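As structure tokens, the structure follows; a few thoughts come after it.
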Amino acid sequence: VQLQASGGGQVQAGDSLRLSCAVSGRTYASHVWGWFRQAPGKEREFVGAFVSWNGGMARYADSVKDRFTISRDAARTTVWLQLNSLRPEDTAVYFCALRNGYHGGSYSREDIYGYWGQGTLVTVSS
């Protein structure tokens with residue numbers, strides 16, 4: 001399984017971006033996609049997750065709730081992270097991750113994810 005993240009760029013505060021993460025390989029029926037980000041000089045942090053249960057449930061970090069949205073295609077090959085109302089503090093490298101065979105537990109923990117994309121840079125200027 002390989003993940004390919006794309007869609008990053010340089011934008012102004014208040015703008016929007018849509019990040020994509022495409023998977024090559026098998027995605028299990030029970031899985032969770034995660035989005036994380038790492039700002040310059042900081043540790044990587046959880047942004048949000050899409051859990052496959054109950055038709056799909058998205059969960060978000062408080063810092064991005066109501067601004068970011070995660071969605072996934074029906075074929076389970078691509079997940080998107082829609083970033084709205086961007087702020088300079090959203091500047092970071094954004095990573096997607098996948099855990100096949102998700103059976104519960106904290107989706108915000110990096111160590112549950114077995115596959116990671118390479119990251120895509122989002123730069124927000126004021």
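Just so it is clear, the structure is predicted and the values come from calculations on it, not from any experiment.
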Under 4.5 Å side-chain linkage, directly or through intermediates, the cluster mates of Trp53: Val32, Phe36, Phe46, Val51, Met57, Val93, Phe95, Tyr102, Tyr107, Ile112, Tyr113, Trp116, Leu121
side-chain hydrogen bond (donor to acceptor under 3.5 Å, both in side chains) with Arg76: which residues, sequence neighbours excluded? none
Trace of the side-chain contact (heavy atoms from CB on, under 4.5 Å) decision for Ser108 with Arg59: CA-CA 9 Å; Ser108 64; Arg59 297 291 184 266; over 6 Å; no
Tell me, with the steps shown, if Leu81 and Val47 meet side-chain contact (heavy atoms from CB on, under 4.5 Å). CA-CA 10 Å; Leu81 178 64; Val47 173; 4.3 Å; yes
Treating Gln118 as the side-chain partner and Ala5 as the backbone partner, does any N or O pair qualify as donor plus acceptor under 3.5 Å? yes
Could you report the tightest heavy-atom contact between Ala49 and Ile70, atom names first, then the distance? N-CD1, 3.3 Å
Asp66, CG atom: more than 12 neighbouring heavy atoms under 6.0 Å: no
Ser85 OG to Phe68 CZ distance, which is reported to the nearest 0.5 Å: 9.0 Å
Quick check against the 3.5 Å criterion: does Ser20 have a side-chain atom that pairs as donor or acceptor with the backbone of Ser6? no
Is atom CD of Gln2 surrounded by more than 12 heavy atoms (other residues, nucleotides or ligands) closer than 6.0 Å? no
When rounded to the nearest 0.5 Å, the distance separating CG of Leu86 from CD of Gln12 is 11.0 Å
Determine whether Val122 and Arg37 make a side-chain contact, defined as any pair of heavy atoms from C-beta on separated by less than 4.5 Å. no
Result of checking Val1, Thr27, Val23 against Tyr115 for side-chain contact (heavy atoms from CB on, under 4.5 Å): Val1
Any link between Trp35 and Trp80 through a network of hydrophobic side chains (Ile, Leu, Val, Met, Phe, Trp, Tyr) touching at under 4.5 Å? no
Minimum heavy-atom distance Pro88-Ser125, with the two atoms named: CG-C, 4.5 Å
Assess whether side-chain contact (heavy atoms from CB on, under 4.5 Å) is satisfied between Glu110 and Glu43, documenting all intermediate values. CA-CA 11 Å; Glu110 293 185 34; Glu43 304 221 338; over 6 Å; no
For the side chain of Asn100 and the backbone of Arg26, is there at least one donor-acceptor N/O pair under 3.5 Å apart? yes
Decide yes or no on side-chain contact (heavy atoms from CB on, under 4.5 Å) for Leu83 and Leu19, but give the supporting numbers first. CA-CA 8 Å; Leu83 295 76; Leu19 308 184; 3.6 Å; yes
With sequence neighbours left out, write down each residue that passes side-chain hydrogen bond (donor to acceptor under 3.5 Å, both in side chains) with Asp62, or none if nothing qualifies. Lys65
Where the side chain of Thr91 meets the backbone of Val124, is there a donor-acceptor pair that is under 3.5 Å apart? yes
Closest non-hydrogen contact found for Tyr94 with Ala92 is CD1-O, 3.3 Å
Would you find a donor on one side and an acceptor on the other, under 3.5 Å apart, between the side chain of Thr78 and the backbone of Arg72? no
